[in-house]
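Contents: one structure, followed by commentary.
Atoms within a ligand are numbered from 1 in the order they appear, just like the ligands themselves. Position 1 is the first residue of the sequence; numbering continues from there. Every heavy atom of this structure was used, including side-chain atoms; hydrogens, water molecules and symmetry mates were not.
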Amino acid sequence: MDNQNSERSNVIIGSYTPPDENGNGEIIKRVFFRQGKIFKDYGAFYNNPEEVCYIPELSDTTYTGNNIRGMCNNQEDMAEELFEQLDWQHPESLKEDWLVTGEWDYCDKCGKLFDCYGKTKCPHCGSDYNGGK
Ligand SMILES: [Zn+2]
């Protein structure tokens, strides 16, 4: 790994012990990070996409890297942006916030997500973008 995330890829905030095959023994230990108490495992997100990499502050819902990638059309750059910014909220909620506030949008033509703020063209297919909806 020599990308820009490599220095963070061994950062773990809190700890998580998954349940055994009978569903017992799950242990969630959250630690305060930026805005809330969460579990967040950068190495799991970047290197082990089927492992739990994030648990928000207000529920015990567990997310794997692939869950987060799935929310982002499996677009790696968008999934990384979403994961990096999580500090208390559910990833679905943060993504919805960004769609509502005009940070992110889906292209009408190609259907891909992109950082739409200030953009006049879709960076994926090049079709004109005028702020959506
Ligand atoms: Zn497009």
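Around the Zn ion (ligand 1), protein N, O or S atoms at less than 2.8 Å comprise C107 SG, C110 SG, C122 SG, C125 SG.
Put simply, the residue from K121, K119, K109 that forms a salt bridge (Lys or Arg N to Asp or Glu O under 4.0 Å) with D128 is K121.
To the nearest 0.5 angstrom, I55 atom CD1 is 5.5 Å from Y16 atom OH. Separating the CG atom in D41 from the CZ atom in F83 is a distance of 7.0 Å, to the nearest 0.5 Å.
Although no hydrogens or angles enter the test, the distance criterion places no donor-acceptor pair under 3.5 Å between the side chain of K112 and the main chain of Y106. Side chain of K95 to backbone of M71: a donor-acceptor contact under 3.5 angstrom is found.
Between E57 and R30, no side-chain nitrogen of the basic residue sits less than 4.0 Å from a carboxylate oxygen of the acidic one, so the salt-bridge criterion is not met.
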